Amino acid sequence: MQYCVSKMNEQLKPLGCSIDDRGFHCDFQPLKPGVWLDEKKASEIEKKVVEVEIEGVTIEKVPSESEGLPKLLERTAMYIVNGVKAFLEPSVRPSNKKVGALKILNISAHNPEPEVRLLRLSGVAFGSQEELESYFAWLREAAERDHRVIGQKLDLFSFHEEVGPGLVIYHPKGQVIREELIRMIREVNERLGYREVYTPHVYRSVLWKISGHYYLYRDKMVLANVEDEEYGLKPMNCPGHILIYKSRPRSYRDLPLKLSEFGTVYRWEKRGELYGLLRVRGFTQDDGHAFLREDQVKDEIKAILKEVMYVLGLFGFRGEGVKVYLSTRPEKYIGTEEMWDKATRALEEALKELGIPYEVREGEGAFYGPKIDVHFRDSLGRWWQCSTIQVDFALPERFALEYTDRDGSKKRPVMIHRAILGSVERFMAIILENFGGRLPTWLSPVQVRVITMVSKVRDYAARIVNLLKSEGIRVDIDDGDETVSRKIKRAYDEAVPYMIIVGMREAMQGTITVRGRRNLQVKDVNPELFVRLLKDEIAKRSIKQEALEKLVELQQHSSKGNQSF
RNA sequence: GCCGCGGUAGCUCAGCUUGGUAGAGCGCCGCCCUGGUAAGGCGGAGGUCCCGGGUUCAAAUCCCGGCCGCGGCUCCA
């Protein structure tokens with residue numbers, strides 16, 4: 001690639017190539033300002049790379065000449081390909097195998113240093129055209145599952161110019177999903193002993209000066225001057241919770257003190273970094289802070305970890321699809337080595353005692369304490385990090401937190417920050433993509449849709465709707481004068497998990513026809529039976545259509561001539 | 001913030017190269033059909049062509065600026 005490009009345009013000097021899980025990136029330095037490539041050129045390059053005969057060409061590794069090269073190339077290995085200098089990251093091994101298929105997906109600028117502007121070609125390469133095709137199929141699949149597309153199609157949320165970029169407006173159906181997620185975490189918090197609090201969105205900046213955010217993250221904070229005083233929107237919930245701790249003297253008997261909040265925070269991310277619900281400027285964390293004695297850290301971590309695994313498991317993220325990382329003391333840190341060792345050991349022991357496999361990331365901890373991050377893999381094979389458990393020595397210090405120990409001496413508590421979903425909006429985006437919009441019943445904004453076959457059964461349909469409503473099931477009705485197949489298509493398009501179809505036959509018998517996902521349908525169902533099974537499926541927060549499966553099973557045992565398509 | 005691309009009906013998009021009557025499909029509304037399982041038929045309404053400025057007799061179309069979005073880069077306590 002580097003060889004081909006430099007042959008095509010002498011003004012572009014190859015500067016390196018790296019590979020990650022999304023493909024390759026090749027960087028070039030334009031020798032004159034204004035030298036650039038467009039899409040037309042890119043497709044010429046694609047052709048040329050595939051055609052070029054490099055089989056048998058000697059690729060010679062030569063010692064990097066450090067002179068005259070930008071600093072960023074110091075670690076890059078240099079090769080000579082047919083007399084042209086090329087560079088590869090040390091992790092990328094050279095090969096003179098023929099490239100079967102190549103696609104340049106993006107031409108962009110790469111600024112490794114503020115002054116250096118490189119041309120970056122990003123794309124994918126495969127041994128054969130077929131592999132490239134299947135990659136495209138995957139890309140199309142991912143595009144169809146894009147949460148921004150689903151969010152609009154299912155009427156969940158929207159963004160508006162008048163509101164501002166990165167600020168989400170939730171529609172009724174989107175809010176149902178938010179509320180269900182929050183309700184689930186609320187139950188988790190209850191089990192863990194966290195008590196929910198509520199704190200304001202705006203604070204005098206002095207609070208952010210004490211916490212240190214004002215100095216470190218000022219450019220990401222929303223600040224406003226009102227009546228000659230500066231206020232700031234909260235970028236984090238912890239200072240608010242710390243003030244609750246500080247509102248009265250604390251004794252060792254008061255610990256652990258655990259506070260939780262679904263706190264909406266604002267972080268002014270740069271324009272280009274915003275991305276649907278995955279990266280926004282205002283979002284809600286399922287935040288929680290525990291104030292602990294050192295001897296309480298391990299148990300707390302264990303309890304949280306168990307719940308994290310439970311929550312991820314609810315969505316089918318488990319086993320090989322979950323990875324846990326323990327990040328240890330970085331070079332720059334606060335607190336004493338002894339504190340760090342104790343805390344890190346507590347995290348490690350917690351993981352070991354629970355039998356959770358984990359990987360240590362040496363020196364990757366935050367400056368204020370070690371942490372555990374949990375990653376999981378979605379149905380498209382992508383990895384995400386949402387849950388985090390962080391030990392913090394810094395904030396107790398900055399806010400001079402203390403408690404009176406058994407012997408009357410003043411001690412400093414340890415803080416744990418934890419979030420299971422992380423950001424509710426981000427988590428929502430991930431599960432929307434994971435399920436392709438077809439959410440489990442408990443999360444579905446509309447759980448059941450009643451569909452009429454003829455207008456004569458409207459009263460019967462209304463009775464069924466009322467029955468479900470009275471049982472707390474989210475139900476709506478489609479009783480317009482349209483064909484049944486049209487209504488069924490609409491329900492599928494809107495990702496409604498269950499349809500109840502009623503016609504003359506059902507109205508006469510006092511039964512319903514239940515249709516679920518994957519074209520599965522059961523006739524002659526007793527409405528009360530369905531309600532019971534459905535409530536059970538919802539209460540268990542199952543990701544499967546358990547009610548439907550049970551109906552199918554029951555039907556197979558009976559001799560009635562039911563059918564499933 | 002940087003590089004590239006884009007913004008036309010509620011949605012998806014065509015028209016823009018070459019300036020001169022604003023288009024399609026879906027959705028919506030109405031009528032017909034009273035339906036048995038993933039788009040029934042016919043008709044109708046619906047537009048500040050993102051905003052501001054410029055060029056021109058004339059701008060959705062060409063030029064400049066802004067806003068918003070998209071793909072990357074950088075960043076993500």
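These figures come from a predicted structure and were not determined experimentally. Reminder, nothing fancy here: chain letters follow the sequence lines and each chain counts from 1.
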Nearest heavy atom decides the nucleotide; on that basis, is A/Met221 or A/Ser455 closer to the 5' end of RNA chain B?
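Taking each residue's closest nucleotide, the earlier one in sequence belongs to A/Ser455.
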
Between A/Pro165 and A/Tyr368, which is nearer to the 5' end of RNA chain B once each is assigned its nearest nucleotide?
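The residue mapped nearer the 5' terminus is A/Pro165.
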
With rounding to whole Å, what would you report as the distance between [N] and [M] at their [atom1] atoms?
N	M	atom1	value
B/rG15	B/rU21	C1'	14 Å
B/rC68	B/rG44	C1'	33 Å
B/rG47	B/rA24	C1'	15 Å
B/rG69	B/rG23	C1'	24 Å
B/rC3	B/rC64	P	15 Å
B/rA39	B/rG66	C1'	43 Å
B/rA45	B/rG30	P	15 Å
B/rU56	B/rU61	C1'	13 Å

Rounding to a whole Å, what distance do you find between [X]:[atom1] and [N]:[atom2]?
X	N	atom1	atom2	result
A/Asn237	B/rA77	CG	C1'	12 Å
A/Gln521	B/rA38	CD	P	9 Å
A/Arg281	B/rC75	CZ	C1'	13 Å
A/Lys371	B/rC76	NZ	C1'	11 Å
A/Asp481	B/rC31	CG	P	10 Å
A/Met453	B/rU34	CE	C1'	12 Å
A/Arg505	B/rU34	CZ	C1'	19 Å
A/Lys332	B/rA77	NZ	C1'	15 Å

Give the ring-plane orientation class for A/Phe159 versus A/Phe157, where under 30° counts as parallel, over 60° as perpendicular and anything between as tilted.
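Aromatic pair A/Phe159/A/Phe157 classed perpendicular.
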
Contacting residues from [range], given that a heavy atom lies under 4.0 angstrom of RNA chain B:
range	result
residues 263-271 of chain A	A/Arg267, A/Lys270, A/Arg271
residues 482-501 of chain A	A/Thr483, A/Val484, A/Ser485, A/Arg486, A/Ile488, A/Lys489, A/Tyr492, A/Ile501
residues 147-156 of chain A	A/Arg148, A/Gln152

Ring centres under 6.0 angstrom apart (A/Trp208, A/Tyr217)
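They do not qualify: ring centres at least 6.0 Å apart.
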
Please report whether the ring centroid of A/Tyr498 lies less than 6.0 Å from that of A/Phe530.
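Aromatic pair counts; centres sit under 6.0 Å.
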
Which nucleotide, if any, forms a Watson-Crick or G-U wobble pair with [N], using both distances under 3.5 Å?
N	result
B/rG36	none
B/rG71	B/rC3
B/rC76	none
B/rU12	B/rA24
B/rU56	none

Scan [X] against the nucleic acid and name what it touches under 4.0 Å (heavy atoms): base, sugar-phosphate only, or nothing.
X	value
A/Tyr275	sugar-phosphate
A/Gln285	nothing
A/His160	nothing

Closest to side chain of A/Glu273, choosing from B/rU34, B/rG1, B/rA77:
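Looking only at heavy atoms from C-beta outward on A/Glu273, the closest nucleotide is B/rG1.
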
Please tell me which of the listed nucleotides, B/rG36, B/rG35, B/rC75, lies nearest to the side chain of A/Lys220?
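Minimum distance to the A/Lys220 side chain belongs to B/rC75.
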
In this structure, which one of A/His241, A/His289, A/Gln285 forms a side chain to side chain donor-acceptor pair (under 3.5 Å) with A/Glu261?
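For A/Glu261, the side chain to side chain donor-acceptor pair (under 3.5 Å) test succeeds with only one of A/His241, A/His289, A/Gln285, which is A/His241.
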
Side chains of A/Gln390 and A/His417, donor plus acceptor under 3.5 Å
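No pair is found: no donor N or O on one side chain lies under 3.5 Å from an acceptor on the other.
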
For a quick check, tell me whether the side chain of A/Glu161 and the base of B/rG7 share a donor-acceptor pair closer than 3.5 Å.
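Checked by distance alone, the answer is no.
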
State plainly whether the residues [X] and [Y] are in salt-bridge range, i.e. N to O under 4.0 Å.
X	Y	result
A/Glu300	A/Arg418	no
A/Asp479	A/Arg458	yes
A/Asp493	A/Lys489	yes

A/Gln545 side chain to A/Gly516 backbone, donor-acceptor under 3.5 Å
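Side chain of A/Gln545 to backbone of A/Gly516, a donor-acceptor pair under 3.5 Å: no, none is there.
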
Expected output: side-chain A/Lys487 to main-chain A/Gly480 donor-acceptor under 3.5 Å
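Here the side-chain-to-backbone pair exists.
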
Is the cationic atom of A/Arg438 (NZ for Lys, CZ for Arg) positioned less than 6.0 Å from the six-membered ring centroid of A/Tyr492 and within 45 degrees of its normal?
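No - A/Arg438 does not lie over the ring of A/Tyr492 by the 6.0 Å and 45° rule.
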
Distance to the ring centre below 6.0 angstrom and angle to the axis at most 45 degrees; does that hold for A/Lys209 and A/Tyr214?
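Yes - A/Lys209 lies over the ring of A/Tyr214, closer than 6.0 Å to its centre and within 45° of its axis.
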
Where do A/Thr511 and A/Pro527 come nearest, in terms of heavy atoms and distance?
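Where A/Thr511 meets A/Pro527 most closely, the heavy atoms are CA-CD, 4.2 Å.
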
Quick one: closest heavy-atom pair of A/Trp340 and A/Pro330, and the distance?
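That would be CH2-CD, 3.5 Å.
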
